[in-house]
Participant: 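Next up is a structure, given as structure tokens.
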Amino acid sequence: MGMTLRYKNCFSMRAPGYHIESNTLVASIRLIALVFLFLCSAAGAALAQDLVCSETVDKALMSIRQNCADLERDSLCYAHPLVEAGFADNSAKADFTSPSQRASLFGLSSVRSSALDSQQAHWGIALLHLGANLPLTYEGMGILVMLAGAAEVINQSDPAAVTQIAEPLSTAALTATTRFKNPGIIPEPLGPVAVDDLLLVDAFDDSGDWLRVVNDGEISWVERQDLARLNAMDALPAIGVGAAFPFKSMSISTNPEYPECDQAEPMVAIQTAEDLPTSLTINGVDIHIGSMVTIQQVHRNALSLTVHRGKVTTIFGQTVRQGESVIGILGQTPAGAAQVLDWSGALLASEAEIARGQRAQDALNSLARVNGWAQRKTYKHPPAHVHVVERGDTLYSIARLYETSVAEIILGNLGAEPIKLYSGTKLVIPSPGSGFAGHGAIPLDATRES
């Protein structure tokens, strides 16, 4: 008698404790397929949205070079939709209707750029070119303030107290003297002045004892008594530390909510001339900038400032160096303006903050190229260096060698003290060049070698 084996469906086979009906399996597979398709579609939509977001931001930033070329000092340029501006003589804000529109900073009370609009491919960009206290003979750029995304800058300089730089006057040296970098009791000499040398002067210092010389756009100072007096000199402005100019004092805010993509982070970038740092008042706090920072509101009560080149000093005595960030704690003034109450200690800038500065610098460099200005680079943290310990090394001597701190080396390797070093030990140097700081030498245990 023969045996016949029939397999109607391989999934109809039974085993103890295991049973799957064919219809159930098909339904499960269909459900899994639908979920997979949904996830793929969602991921694809997210990627497409990020791509649109990134392309919109790139386009907006690069629009500066064509829409803001040849922007005069003390002027505002609308680079990319949408931007609003308010004026002191008109409480209503005025909308700019097309890119490349410009306006004078005199009488301007506020500027606001818009958040990302993916549907319209809009991301607001505005550029302010501050003349500050630069002489009219200075051919380079002044101070650039770029608003990007949902950002607002409010002018807090008193329009009635604003100083306008005068046309320079030609005078002659009465005696052999010296040009100095700054006026003061112990000024830094820049070069000699011979008798009868002709000098262009355009302003006094606060004391009235020094005249600013602006020959060939170079800025120096000469004692007033050494120059021939002209009646017209009495009308020259004083441009000391307290001198006001449009947007010398400003309140900055950005939307602290997460943007549609990382590139669309709102920010305000401020770049000063490389050789001419300047003093500004940001949200009520006097700071000295030289020469590129970005500012972003990370919380409704906190403002982040990142230095991408040069350094910033604050009224609180802090120095924030390139590659570092500080957080300003915000409070409200009686008038309702956001004011920095205090700054945190400086920390190494994050990768996202470094990338934000690079985006801003690329945009400002594109403008520099068309205007014939020097292009600048942002600071990037150097990669960690590996040091091979030799007999006689100490953490102090190693920190000194790489211009970093003993604490950074400890935290970057073991995370705590005490620490013993042996010849041949490989130490990661986390922040070479960040500045030496030591707290005593920890000798190498030379009795053992690895």
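Note that the structure is a prediction, hence the values are computed from the model and not measured.
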Participant: Do the side chain of Asp393 and the main chain of Glu390 share a donor and acceptor less than 3.5 angstrom apart?
Facilitator: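 Yes, the answer is positive, given that a donor and an acceptor are paired below the 3.5 Å cut-off.
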
Participant: So which heavy atom on Asp202 is nearest to which on Leu236, and how close?
Facilitator: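 Minimum heavy-atom separation between Asp202 and Leu236: O-CD2, 3.6 Å.
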
Participant: Side chains of Asn155 and Met250: does their closest heavy-atom pair fall under 4.5 Å?
Facilitator: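 Not touching, per the 4.5 Å side-chain cut-off.
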
Participant: Measuring from atom CD1 of Ile64 to atom SG of Cys77, what distance do you get when rounded to the nearest 0.5 angstrom?
Facilitator: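 Going from the CD1 atom of Ile64 to the SG atom of Cys77 covers 8.0 Å.
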
Participant: Grab the two heavy atoms, one from Gln263 and one from Ser54, that are nearest each other, plus how far apart they are.
Facilitator: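 Reported closest heavy-atom pair: NE2-OG, 3.5 Å.
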
Participant: Between the main-chain N or O of Lys59 and the side-chain N or O of His80, is there a donor-acceptor pair closer than 3.5 Å?
Facilitator: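 The answer is no, because no donor-acceptor pair under 3.5 Å joins these two groups.
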
Participant: Mind checking whether Trp373 and Met141 have side chains closer than 4.5 Å, heavy atoms only?
Facilitator: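 Counting from C-beta outward, Trp373 and Met141 do come under 4.5 Å.
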
Participant: If you look at every heavy atom in Asp205 and Trp221, which pair is closest and at what distance?
Facilitator: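 What the structure gives for the nearest pair is N-CZ3, 3.5 Å.
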
Participant: Going by distance alone, is a donor N or O of one side chain under 3.5 Å from an acceptor N or O of the other, for Ser366 and Arg65?
Facilitator: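 Per modelled atom types, Ser366 and Arg65 side chains form no pair under 3.5 Å.
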
Participant: Could you give me the CA-CA distance, side-chain angles and deciding distance for Ser325 and Thr306, then say whether side-chain hydrogen bond (donor to acceptor under 3.5 Å, both in side chains) is met?
Facilitator: CA-CA 4 Å; Ser325 294; Thr306 303; 2.7 Å; yes

Participant: Is it true that Asp234 and Arg229 have a side-chain N and a carboxylate O under 4.0 angstrom from each other?
Facilitator: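 Result for this pair is yes, salt bridge flagged.
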
Participant: Closer than 3.5 angstrom, by distance alone: can the side chain of Arg309 be matched with the main-chain N or O of Lys377 as a donor-acceptor pair?
Facilitator: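 The answer is yes, because a donor-acceptor pair under 3.5 Å joins these two groups.
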
Participant: Please report the C-alpha distance between Gln361 and Gln271 in whole Å, then the side-chain angles of each, then the deciding distance to 0.1 Å, and finally whether the side-chain hydrogen bond (donor to acceptor under 3.5 Å, both in side chains) criterion is met.
Facilitator: CA-CA 9 Å; Gln361 190 64 73; Gln271 177 172 288; 3.0 Å; yes

Participant: When you measure from the side chain of Glu324 to the backbone N and O of Arg321, does any donor-acceptor pair fall under 3.5 Å?
Facilitator: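 Yes; judged by distance alone, with no hydrogens or angles, the pair exists.
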
Participant: Name the residue from His308, Gln358, Glu265 that meets the side-chain hydrogen bond (donor to acceptor under 3.5 Å, both in side chains) definition with Thr294.
Facilitator: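 With Thr294 as partner, side-chain hydrogen bond (donor to acceptor under 3.5 Å, both in side chains) holds for just one option, His308.
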
Participant: Less than 4.5 Å apart, any side-chain heavy atom of Val213 and any of Leu200?
Facilitator: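 The answer is no, as the side chains (C-beta and beyond) never meet within the 4.5 Å cut-off.
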
Participant: The criterion is side-chain contact (heavy atoms from CB on, under 4.5 Å); which residues satisfy it with Gln339, sequence neighbours excluded?
Facilitator: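 With sequence neighbours excluded, Gln339 shows a side-chain contact (heavy atoms from CB on, under 4.5 Å) to Thr333, given in chain and number order.
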
Participant: Strictly distance-based, threshold 3.5 Å: is any side-chain N or O of Ser251 a donor or acceptor partner for the main-chain N or O of Asn283?
Facilitator: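 Answer holds: no.
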
Participant: Regarding Asp74 and Arg102, does a basic nitrogen lie under 4.0 Å from an acidic carboxylate oxygen?
Facilitator: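 Looking at Asp74 and Arg102, the cut-off is not met.
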
Participant: Is there side-chain contact between Met267 and Thr254, with at least one heavy-atom pair below 4.5 Å?
Facilitator: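 Side chain of Met267 against side chain of Thr254, heavy atoms only: no contact under 4.5 Å found.
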
Participant: Please find the pair of heavy atoms, one from Gly140 and one from Arg73, that lie closest to each other, and give the distance.
Facilitator: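 Nearest pair, atom of Gly140 first, then Arg73: O-NH2, 3.3 Å.
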
Participant: For Leu330 versus Arg300, what's the shortest heavy-atom pair and its separation?
Facilitator: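 Closest pair (atom of Leu330, atom of Arg300, distance): CD1-O, 3.9 Å.
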
Participant: Taking the side chain as everything from C-beta on, heavy atoms only, tell me whether Phe180 gets closer than 4.5 Å to Glu188.
Facilitator: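 Answer no - side chains too far apart.
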
Participant: Report yes if some heavy atom in the side chain of Glu223 is under 4.5 Å from a heavy atom in the side chain of Trp210; otherwise report no.
Facilitator: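 They are in side-chain contact.
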
Participant: Distance alone, cut at 3.5 Å: any donor-acceptor contact between the side chains of Asp226 and Thr177?
Facilitator: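 Distance-only check passes for Asp226 and Thr177.
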
Participant: Looking at Phe436 versus Tyr396, is the centre-to-centre ring distance below 6.0 Å?
Facilitator: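 Centroid separation for Phe436 and Tyr396: below 6.0 Å.
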
Participant: Is the number of heavy atoms from other residues, nucleotides or ligands within 6.0 Å of CD (Glu167) greater than 12?
Facilitator: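 Count not over threshold, so no.
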
Participant: So do Val193 and Thr178 actually touch side chain to side chain, heavy atoms under 4.5 Å?
Facilitator: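 No, side chains not in contact.
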
Participant: If you compare all heavy atoms of Pro135 against all heavy atoms of Ile219, which two are closest, and at what distance to 0.1 Å?
Facilitator: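 Closest approach of Pro135 to Ile219: CD-CD1, 3.4 Å.
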
Participant: With a 4.5 Å heavy-atom cut-off, do Val340 and Thr314 have their side chains touching?
Facilitator: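 Val340 vs Thr314: side chains apart.
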
Participant: For Asn215, does its backbone N or O pair with a side-chain atom of Glu218 as donor and acceptor, under 3.5 Å?
Facilitator: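 No; zero donor-acceptor contacts below 3.5 Å.
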
Participant: List the steps, then state whether side-chain contact (heavy atoms from CB on, under 4.5 Å) holds for Met233 with Leu211.
Facilitator: CA-CA 9 Å; Met233 284 181 179; Leu211 280 163; 4.0 Å; yes

Participant: Just by distance, do the side chain of Ser114 and the backbone of Leu82 share a donor-acceptor pair under 3.5 Å?
Facilitator: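 Yes; judged by distance alone, with no hydrogens or angles, the pair exists.
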
Participant: As an exercise, state the distance from NE2 of His129 to CG of Asp70, rounded to the nearest 0.5 Å.
Facilitator: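 It comes to 11.0 Å.
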
Participant: Excluding sequence neighbours, so at least two apart, what forms ring pair (Phe, Tyr, Trp, His ring centres under 6.0 Å) with His299?
Facilitator: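 His299: no ring pair (Phe, Tyr, Trp, His ring centres under 6.0 Å) contacts found.
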
